[in-house]
Number of protein chains: 2
Amino acid sequence: MDRFLSSYVHNVDAKGRVSIPSSFRQVIHNRGIRELFAMRSLSQPAIDVGGPELMEHYEKRMEAVDPFSDLYQELAIYAYGDGAYLKTDSEGRILMTDFIRSHTGITDRVTFVGVKNSFQLWAPERFEAFRGALREKLRERLPSLRGAAAPVETPE
Amino acid sequence: MDRFLSSYVHNVDAKGRVSIPSSFRQVIHNRGIRELFAMRSLSQPAIDVGGPELMEHYEKRMEAVDPFSDLYQELAIYAYGDGAYLKTDSEGRILMTDFIRSHTGITDRVTFVGVKNSFQLWAPERFEAFRGALREKLRERLPSLRGAAAPVETPE
DNA sequence: TTGACGCCCATGGATGCCCATGTTATCCCA
DNA sequence: TGGGATAACATGGGCATCCATGGGCGTCAA
């Protein structure tokens, strides 16, 4: 149990709080993650959430770039400036800040989507649409999958 | 928690004061920074703020240019010429001086942007525009950065 | 003297912490 | 095997505290 798996829809309460699915909390604990870091996904209206590795991923990327170039500076602004720490309360809930809401369109419900080493936050409707489109696309691209045992299906 | 991370928008009051985000004050304290130094960013309409390492960073950055060229001189004057120590008041606020305002366009609101070892001051509108453009640029330039699955277009 | 700046106090809103409730999944025992 | 007891979890609300913000006043310097 060390991978973020499956998806869950949770409610946002009047204070803007949402419970992190308990299985995700397990994974967070098992991985020894102390601080949750959040970033806007580049290509999707979703927020990526994970531990420090999430940031290290970009740092590695940046090592290949001249540290004194504009590109490096820009990557730094993106990686560090366009993210946020997510503080959890004593019950394991996180706050849906404007930072999250404006990028995802989340209002009163959130879909948590496990993506192996990290998980994502989506507005449920958008995620449904995305998942549908994704399935189509994969069906076209990977026809060999069709015969197999419903490999593209995602648990509710 | 020893890195300047995330971004915050704060108001400038009638006296020109702005609160430094408390998380940044934490970082300043944790790093043992006693004096904050501010200088013009070389590539953006922003002010870079940090401890003594900030100056070293600039110097290294400028070494990419021939240190005996006119350009080097000009960059030095540009960055250091109006640089200033930022005094904080007893509440942890700094003053938006004309030096800061003229370079950034800041009037009544400021965006604090964490960039790991230092942070920046931006006019919120300009930062939003910059961030948007940057996302576009990175999305094209680093297509492999994101993508748990195949890239699929999603309505924004 | 006048304005800039440092220091103090006031306040409202946001945030974190604690406890309460209902629902669901799990387990145990008859 | 069915049903009740139990534990885990999502959710809600109250309250204390921190923090961003605003205003007053004294001091120092031009």
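Every chain is numbered from 1 and lettered A, B, ... according to where its sequence line falls, protein lines coming before strand lines.
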So Asp89(B), base contact, sugar-phosphate only, or nothing? Heavy-atom distance under 4.0 Å. nothing
Counting side-chain heavy atoms from CB outward, which of dA20(D), dC5(C), dG22(D) is closest to Leu95(B)? dC5(C)
Taken to the nearest whole Å, CG/Asp13(A) to P/dC9(D) is 19 Å
Hey, are Glu74(A) and Gln44(B) close enough side-chain-wise for a donor-acceptor pair under 3.5 Å? no
Look at all strands and tell whether Ser90(A) reaches a base, only sugar-phosphate, or nothing, counting heavy atoms closer than 4.0 Å. base
Pairing of Glu140(A) and Lys137(A) as salt bridge, 4.0 angstrom limit: no
For Ser22(B), which contact category applies under a 4.0 Å heavy-atom criterion: base, sugar-phosphate, or nothing? sugar-phosphate
Measure from CG on Asn11(B) to P on dC19(D) and round the result to the nearest Å. 18 Å
Length of the CG-C1' vector between Asp98(A) and dA14(C), whole Å: 12 Å
For dG23(D), does the base pair up with any side-chain atom of Arg17(B) as donor and acceptor (N or O, under 3.5 Å, distance only)? yes
Checking Tyr58(A) against Tyr80(A) for the ring-ring contact (aromatic ring centres under 6.0 Å, His included) test, could you report, in this order, the C-alpha distance in whole Å, the side-chain angles of both residues, the deciding distance, and whether it holds? CA-CA 10 Å; Tyr58(A) 285 88; Tyr80(A) 299 107; 9.1 Å; no
Nucleotide dC28(D), atom P - distance to NZ of Lys87(B) in whole Å: 15 Å
When Arg25(A) and Ile20(B) are each assigned the nearest nucleotide of DNA chain D, the 5'-most assignment goes to Arg25(A)
Residue mapping more 5' on DNA chain C - nearest nucleotide basis, Lys15(B) or Glu91(B): Lys15(B)
I need the OH-C1' distance between Tyr8(A) and dT11(D), as an integer number of Å. 18 Å
Starting from C1' on dT24(C), measure out to NE2 on His10(A) and report it in whole angstrom. 12 Å
Could you check how far OH of Tyr85(A) sits from P of dG16(C), rounded to whole Å? 15 Å
Going by modelled atom types, is there a donor-acceptor pair between the base of dG12(D) and the side chain of Arg93(A) at under 3.5 Å? yes
CH2-CZ distance between Trp122(A) and Phe112(A), expressed to the nearest 0.5 angstrom: 14.5 Å
Quick one: Leu86(A) CG to dG16(C) C1', roughly how many Å, whole number? 15 Å
What heavy-atom pair brings Ser69(A) and Arg61(B) nearest, and what distance separates the two atoms? C-NH2, 4.4 Å
